[in-house]
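Letters go in sequence order (proteins before strands), and every chain restarts at 1.
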Amino acid sequence: MELREDMRILLMGNPNVGKSVVFNRLTGARVVTANYAGTTVEYTAGTVVYEGKHLNIIDVPGTYSLSPTCRAEEVAVEMFADGDLIINVANATNLERNLRFTLELMCQGKPMILALNLWDEARHKGIHIDVEALERELGIPVVPTVAVTAEGIRELIECLPQAALPPAWCSLKNGDIWKRVGEIINKVQRVTHRHHTWIDRLEDLSIKPLTGLPLALLVLAAAFTVIRFIGEGLIGHVFDPFFEEIYRPFIVKTVNYAFPSGMIHDLLLGTTPDFVESLGLLTTGIYVPVAMVLPYVFSFYMVLGFLEDFGYLPRFAVLVDTFMHRIGLHGFAIVPMILGLGCNVPGALATRILESTREKFIAGTLMAIAVPCMAQTAMIIGLVGPHGIAYVLLIYGILAVVALVIGTILNRLIPGYSPEIFLEVPSYHLPHFSTLMKKLWQRIRSFLMEAIPLVLVGILLMNLLFQLGVIAWLARVSRPVVVGLMGLPGEAVSSLVIGFLRKDVAVGMLEPLGMSVKQLVIACSVLSIYFPCVATFAVLVQELGVKLMLLASIIMVGTAIIVGTLLNLMLPELATVAPLASLTLLTAAF
Amino acid sequence: MNDQTPAPTRPLSTIHSGCRCRVVRLDGGPNMTQRLDSMGLRIGSIVNKVSNNPFRGPVVFRIDQTELAIGYGMASRIMVEEI
């Protein structure tokens, strides 16, 4: 067929067959990929150049059939209607099931190519597929690919003009599709026996509850240790020395030279020499996102990227399923929550893998309330950590209890029921180092691009609000709640205001207030609960609609006031404790 | 198991881990049947049970090359016979 520039080429296939990896290879884009179903929930468009023509190519969320069961699959089916040429990406290690979808697509009568991805993996597993025979059987071009190493991608591009309309027999009814799949498989696929490897054994061990639950605890403990070790190490050995010894003298000298004193000087450098307290654009504005938050964002996404690509998350989801049902969700809802620990924005988007509005509402509300993003966590560690890491864990514990209580209440009050888990569990893959690094860089870049401008705007706004006396006014108005109920200093309200823009700056604003450990714990918890940041808010409005988001907002603010008050009444005064003592404290608490 | 007494039909949720069985009946609506069908599970399919979870937790099994976790409720509506 002739290729035109206004054509829409769609990459379609079952979830987790590597469509996004193929897309990245075809277009040079950097779409985030992982080893579980539902990583892509929105479509992404890019272009591939063929003989000087720029062809539109679209990465469509994966779907098992053309009858959608969740929002991400709905997107896929909607996209399909407008497609002119379909590249059906199939998992060569699981040809039979993937062919069912291939035949379903073929019955729709659009020009198609079949890409057999994970070709290397199939060979490893002793699966031999006769590509020429498969082409003959299907009547469309078939190209084996290994997208992670770009093998077969060139052939796939060169194959585009040969995309063929499916042959006439393709008007099969549902029952006949499996019969036809069976016939094709018999002719083209041969499977030789292979011995079980340690990876196969690990797959089983990590999903059976008896061994899987202890393993899950081990994975969580290891993840947190590694994240903290790398984050702290980077701050202590790289970022702090750089900012103290090179960056500070440099900017102080430069700014003092250009603006010896006055408003602009104060705006750029602030009024105190402290990086966190000064609220200068070049001091706090750069130091907080880069030196305090970035190291933890880096270490978190490194660990998450590994777990994602290895294929661990779906197994974890199965293990926590029973528990998650108590809060009105099923196990796979843990995946958006885990993503939310990095940044709530991708977390909120990922709620699209959930089937019902009820689930999306509960998951979105709970995430906004109880899942602090890495930016916030990093600042909490920076601010509360010096008083004892036990207090950081106390804040997390408080948030977990709040999630449990609110989740249970929502589950009881909202009509409907939570659908059961229905989840394909992928095989484990040893991640490719280069894929991991590309993904990490992609996430770091989007953090820097999105966080730094917002941090700067936030600080500018804060300076303005202080100057205009708005903060003083707000402190007076909110006094009964903030001071009376939560026992916080009135100025803490400034942190709640800025928390709507950036939670990291908001936590930083607590530092100059000279609060007690108890007040810090209350303020950090309330700051997490009361409202999501503006970026998350926008995504949640888009996903839930204005009405539901209004309801969610009322729940958030209400919860924040109740939790703040209860903590103020229940918590004893807390003393700074040494790291070793905090361990004992924690053990005692359990 | 000899030919005269066919294996009793039982829900997939009650099968022990590690057992092989054949699907004989699906006691669910078209939605469930269609969803399972798109994953490769239909009447006559051979299923390898991987694990059960306590408190009516999810049921994990393998079908061809696919490992699938489904809720206890759906698993108890998939009727199988051990082979």
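Proximity to chain A (any heavy atom under 4.5 Å) is shown, for Asn53(B), by both the backbone and the side chain. Heavy atoms of Val50(B) lying under 4.5 Å from chain A belong to its backbone as well as its side chain. Both the backbone and the side chain of Glu424(A) have a heavy atom closer than 4.5 Å to some heavy atom of chain B. With a threshold of 4.5 angstrom between heavy atoms, Thr69(A) approaches chain B through side-chain atoms but not through N, CA, C or O. When heavy atoms are compared at a cutoff of 4.5 Å, Phe422(A) approaches chain B by way of both its backbone and its side chain.
With rounding to the nearest 0.5 angstrom, the CZ atom of Arg42(B) is 9.5 Å from the CZ atom of Arg100(A). Between the CG atom in Leu68(B) and the CG atom in Leu423(A) there is a gap of 7.5 Å [rounded to 0.5 Å]. Here the CD atom belonging to Glu104(A) is positioned 8.0 Å from the OG atom belonging to Ser38(B), to the nearest 0.5 angstrom. If you take CZ on Arg56(B) and CG on Asp321(A), they are separated by 13.5 Å, rounding to the nearest 0.5 Å. The CZ atom of Arg97(A) sits 10.5 Å away from the CD atom of Gln65(B) when rounded to the nearest 0.5 Å. If you take OH on Tyr64(A) and OG1 on Thr66(B), they are separated by 8.0 Å, rounding to the nearest 0.5 Å.
Taking every heavy atom of both residues into account, Ser51(B) and Lys208(A) meet most closely at CB-CG, 3.8 Å. Residues Asn52(B) and Pro209(A) come closest through the heavy atom pair O-CG, 3.2 Å. Shortest non-hydrogen contact noted between Ala69(B) and Val318(A) is CB-CG2, 3.5 Å.
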* Dump the intermediate steps for salt bridge (charged side-chain N to carboxylate O under 4.0 Å, His left out) on Glu73(A) and Arg35(B), then the final yes or no. => CA-CA 13 Å; Glu73(A) 292 192 353; Arg35(B) 238 181 144 181; over 6 Å; no
* Let me see the working for Trp178(A) and Asp37(B) under side-chain contact (heavy atoms from CB on, under 4.5 Å), right down to the final yes or no. => CA-CA 9 Å; Trp178(A) 277 119; Asp37(B) 185 86; 2.9 Å; yes
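Ion pairing of Asp204(A) with Arg62(B) is present here, as a side-chain N (NZ or NE/NH1/NH2) and a carboxylate O approach within less than 4.0 Å.
A distance-only check finds a donor-acceptor pair linking the side chain of Glu420(A) to the backbone of Gly73(B) [under 3.5 Å].
His124(A) NE2: 12 or fewer foreign heavy atoms inside a 6.0 Å radius. Counting heavy atoms of neighbouring residues, nucleotides and ligands inside a 6.0 Å radius, atom CG of Asn31(B) does not exceed 12 of them.
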